S.K.: 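One structure is given below, represented as structure tokens, and several questions about it will come after.
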Amino acid sequence: MAQTTVTSEALVDREPPSRWAQFRATLGAWGFMAPAGVLVLVFFFIPVIILFVVSMTDLSSSNFSEPWTFIGLENYARLFRDKFFPKILTNTFRYVILTLSFFNVGLALVLALLTTHIERRAGFFFRMMWLLPRITPSVVYILMWRRIAHQPPFGIINQLLSPFGVEPRYWLFERPWLFVILVNGFVGASFGMILFSSAIEAIPRDYITAAKVDGASTLQIIRDITIPMIRWPLLFVTTYQTLSLLTSFEYILLLTEGGPGLFTTEVWALTAYKRALKTYFGHNQWGYGAAWGFILVFIGIVLAFVYLRVFRFNELVQEPKIDVL
Amino acid sequence: MKVELENLTKRWGDVVGADSINLEIQDGEFVAFLGPSGCGKTTTLLMVAGIYKPTEGFIRFDERIVNQMAPKDRNVGMVFQSYALYPHMTVFQNIGYPLKLKKVPKEEMQKRVQRVADMMGIGHLLDRKPAQLSGGQQQRVALGRALVKEPQLLLFDEPLSNLDARLRLSMRSEIKRLQMELGITSIYVTHDQVEAMTMADRIAVMKDGRLQAYAPPEELYDQPRTLFVAGFVGNPPMNFMEVEVDRENGDYHARREGFDVVVPPDRGEKAAGRGKVILGIRPEDVTLADEGVSGEIYVVEPLGRDDLIDVRIGDAHVHILADPTLRLKIGDNVKLKFNTHKVQFFDPATEDSLLWT
Ligand SMILES: Nc1ncnc2c1ncn2[C@@H]1O[C@H](COP(=O)(O)OP(=O)(O)OP(=O)(O)O)[C@@H](O)[C@H]1O
Ligand SMILES: [Mg+2]
């Protein structure tokens with residue numbers, strides 16, 4: 001006991017836990033965080049605050065030069081009273097859930113598994129090809145899809161199917177959801193595909209060999225070894241793609257403009273864009289559009305927290321390799 | 001189970017992994033594959049496991065050709081250098097995985113996993129994840145996973161290389177004992193010749209994809225058939241020098257500059273009259289003496305129990321083991337006595353032994 005006291009005193013003598021040292025350590029930690037912190041502040045927090053402020057005004061192109069007024073939560077009330085609000089809400093969830101599950105994660109995983117189980121170079125080539133639409137300008141990409149599903153007598157689908165006696169149709173208008181999801185999913189799948197396939201290729205061969213010797217078939221290896229081992233990229237892609245699908249609307253805008261008809265394929269982000277920036281008879285309702293936008297941000301933040309909790313991301317974060325002294 | 005490899009070959013384009021390997025493993029035998037890095041040990045093992053398809057040749061289990069048989073039907077257990085324990089499964093799930101794939105009922109699986117784990121001394125660790133185990137414990141789990149399905153053939157790929165020296169020693173004897181008790185035919189890949197010598201019934205020495213020798217340890221040690229085997233087996237390694245062997249007055253003399261020893265006629269006659277041949281002698285067969293070949297000490301390396309001494313004879317070097325209490329120093333002149341009943345002779349061109357064929 002006595003000895004312990006002596007030792008710790010000796011330590012204290014040599015290395016007093018000065019406030020200055022503690023301060024420096026804290027400063028160092030903040031210093032490393034600062035660049036990322038500044039970016040998040042300038043490009044996320046400040047815009048969100050501005051967005052919220054604008055959403056409580058009646059700012060629009062008609063009263064821009066006149067004094068505009070704070071109208072409190074009136075824009076939000078108007079939003080929830082909107083006749084098409086339920087439609088837009090369900091459209092948004094339908095769009096995100098279907099595209100995410102079938103394409104951005106589902107198809108991405110299937111493609112990654114396929115391209116890592118064939119010859120290496122062939123797999124690599126296939127993935128490169130699948131990436132092409134992502135680097136094609138959106139307008140060109142959507143024009144191609146519109147050509148594919150164009151109205152009779154045009155349309156590539158019509159031309160391909162007519163020898164089989166299929167009546168030519170305006171596919172895009174008859175099946176707008178199919179094409180909205182297909183168009184987004186086709187591009188969206190490439191992100192997960194790349195991440196998943198590099199994660200799959202990084203799995204040490206011994207695990208696969210061991211599983212084969214243990215008696216596993218290819219499907220059992222995928223179920224029991226491969227997928228658990230790429231858990232992190234799977235969760236990451238799910239989270240990331242949920243949030244990016246929630247805010248994406250450009251393909252829908254270019255493909256259907258939310259139609260055909262009234263709000264058939266209109267999603268939340270598209271509504272916000274139209275209200276705020278797209279001139280309906282020269283009338284931009286910035287304040288009202290901001291309210292739509294702000295709710296979207298709010299949903300995004302809530303979802304992000306839900307994902308972090310449900311997927312227990314903090315368990316996936318590795319312990320630091322170096323102990324902080 | 002008996003295992004037979006016939007002309008077993010594996011190539012990837014121009015790369016040769018294994019080149020016409022022929023060997024036969026008796027039921028219950030423990031065979032070591034020994035050779036330097038890249039010589040094709042793992043390749044051969046993986047062909048036996050069914051992971052690699054042979055380019056040519058046959059693998060037979062009890063006379064049955066199994067070239068086309070899927071790994072899961074071969075009933076082999078395998079232990080890896082990297083352990084290859086599934087990191088997301090507990091110890092229980094790791095050991096139980098082969099049984100789960102065989103759809104063994106829950107209760108029986110529970111019993112068998114527990115039994116194997118107790119046998120390996122890891123029965124109390126079943127709920128842990130592999131990352132929470134020490135290297136030695138992980139290796140036991142890996143061994144347990146290989147044993148739980150009661151395989152007819154055990155394959156080890158350098159299982160002890162990642163363990164510290166002491167643990168390696170104890171695991172070595174443990175594996176050996178286990179194998180003998182269970183009587184499972186085993187192939188043990190290693191590049192550590194001490195491991196091979198102490199554990200195996202027979203050793204297959206490989207080099208550049210080819211089988212160099214296949215013999216029991218003592219035979220490999222005393223009657224090496226090639227220069228490579230002679231140099232690779234034994235620690236410290238065998239000494240080699242070029243000599244000419246001539247018959248003079250009924251004695252066979254092996255000579256080079258500053259070196260002249262009489263060798264027994266049964267060995268000498270096979271090397272005589274061939275011009276330059278390579279003489280090999282193990283360090284423990286050369287001793288310090290009052291008379292004999294004279295040389296000068298070039299380097300002294302203390303090994304603890306012995307000093308390893310590099311003695312220069314003319315322009316040849318001979319390593320010997322000496323008592324450290326002699327306190328030999330660099331530059332000392334010494335006389336060496338060669339135990340000529342143990343000399344080896346090799347053809348310098350073919351590198352084959354002149355004594356054993
Ligand atoms: N999948 C493969 N494709 C191409 N060449 C390979 C492949 N696997 C092994 N080789 C080559 O075959 C040779 C033998 O390799 P192998 O892994 O069998 O060596 P090893 O004896 O196990 O060596 P080590 O002691 O380092 O493990 C090496 O030259 C290696 O480069
Ligand atoms: Mg190897």
Side-chain angles (χ1 to χ4, degrees), chain A residues 105 109 112-113 116-124 195-196 198-238 310-323, chain B residues 12 42-43 45-53 69-90 93-104 129-132 138 141-151 153-159 162:
Chain A
V105 174
L109 186 59
L113 287 168
T116 47
H117 283 74
I118 57 173
E119 210 243 321
R120 245 186 103 85
R121 257 173 314 172
F124 185 74
L195 254 75
F196 298 156
S198 56
I200 291 170
E201 281 182 348
I203 296 175
R205 297 248 27 114
D206 276 359
Y207 290 124
I208 311 296
T209 308
K212 279 186 191 163
V213 173
D214 283 348
S217 65
T218 305
L219 283 179
Q220 284 166 328
I221 291 176
I222 288 172
R223 187 194 64 195
D224 298 337
I225 313 295
T226 314
I227 291 187
M229 286 200 164
I230 61 167
R231 176 160 170 247
W232 201 92
L234 268 171
L235 302 187
F236 171 73
V237 168
T238 307
V310 172
F311 290 160
R312 292 183 302 217
F313 267 86
N314 50 342
E315 277 180 25
L316 294 167
V317 177
Q318 285 201 351
E319 291 285 317
K321 294 263 193 291
I322 309 169
D323 276 342
Chain B
W12 296 271
T42 301
T43 305
L45 204 67
L46 289 179
M47 281 194 282
V48 175
I51 306 298
Y52 287 164
K53 273 217 168 60
M69 197 188 267
K72 70 178 163 65
D73 302 321
R74 298 196 183 198
N75 200 17
V76 299
M78 188 158 173
V79 183
F80 299 80
Q81 178 178 358
S82 64
Y83 316 134
L85 298 177
Y86 313 123
H88 52 285
M89 299 186 194
T90 61
Q93 290 167 327
N94 263 285
I95 298 179
Y97 191 55
L99 300 181
K100 186 184 153 205
L101 293 170
K102 277 192 183 168
K103 305 212 162 53
V104 171
K129 291 274 177 73
Q132 299 163 324
Q138 288 185 41
V141 177
L143 206 54
R145 185 177 62 182
L147 289 172
V148 76
K149 58 179 170 178
E150 292 160 9
L153 175 64
L154 271 173
L155 305 176
F156 300 86
D157 195 351
E158 311 201 19
N162 286 353

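Everything quoted here is computed from the prediction, not taken from an experiment. Reminder, nothing fancy here: chain letters follow the sequence lines and each chain counts from 1.
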S.K.: For the atom pair CG (A:Asp224) and CE (B:Met89), what is the distance rounded to the nearest 0.5 Å?
M.R.: 5.0 Å
S.K.: Give, for atom NE2 of B:His88 and atom CD1 of A:Ile225, the distance between the pair rounded to the nearest 0.5 Å.
M.R.: 4.5 Å
S.K.: In Å, rounded to the nearest 0.5 Å, how long is the span from CD of A:Gln220 to OH of B:Tyr97?
M.R.: 6.0 Å
S.K.: Answer yes or no: does atom NZ of B:Lys149 have more than 12 heavy-atom neighbours from other residues, nucleotides or ligands under 6.0 Å?
M.R.: yes
S.K.: So with a 6.0 Å cut-off around CZ of A:Arg205, is the heavy-atom count from everything else above 12?
M.R.: no
S.K.: Name the option with the most non-hydrogen atom pairs under 4.5 Å to chain A; the candidates are B:Ala142, B:Pro87, B:Gly77.
M.R.: B:Pro87
S.K.: Rounded to the nearest 0.5 Å, what separation is found between the CE atom of B:Met78 and the OG1 atom of A:Thr209?
M.R.: 6.5 Å
S.K.: Once you round to the nearest 0.5 Å, how far does CD1 of B:Ile51 lie from CD1 of A:Ile208?
M.R.: 10.0 Å
S.K.: Tell me, out of B:Asp73, B:Leu85, B:Leu46, who's got the most heavy-atom pairs with chain A below 4.5 Å.
M.R.: B:Leu85
S.K.: Tell me, side chain or backbone of B:Leu99 under 4.5 Å from chain A's heavy atoms, or both, or neither?
M.R.: neither
S.K.: Between B:Lys102 and chain A, with a heavy-atom cut-off of 4.5 Å, which part of the residue counts as in contact: side chain, backbone, both or neither?
M.R.: neither
S.K.: Can a donor-acceptor pair be found, under 3.5 Å and without considering hydrogens, that links the side chain of B:Tyr86 to the backbone of A:Met229?
M.R.: no
S.K.: Of the listed residues (A:Pro204, A:Ser217, A:Pro228), which shares the most heavy-atom pairs with chain B below a 4.5 Å separation?
M.R.: A:Pro228
S.K.: State the NZ-CG distance between A:Lys212 and B:Leu101, to the nearest 0.5 angstrom.
M.R.: 14.0 Å
S.K.: Decide yes or no for A:Tyr207 and B:Ser82: does some side-chain heavy atom of the first lie under 4.5 Å from some side-chain heavy atom of the second?
M.R.: no
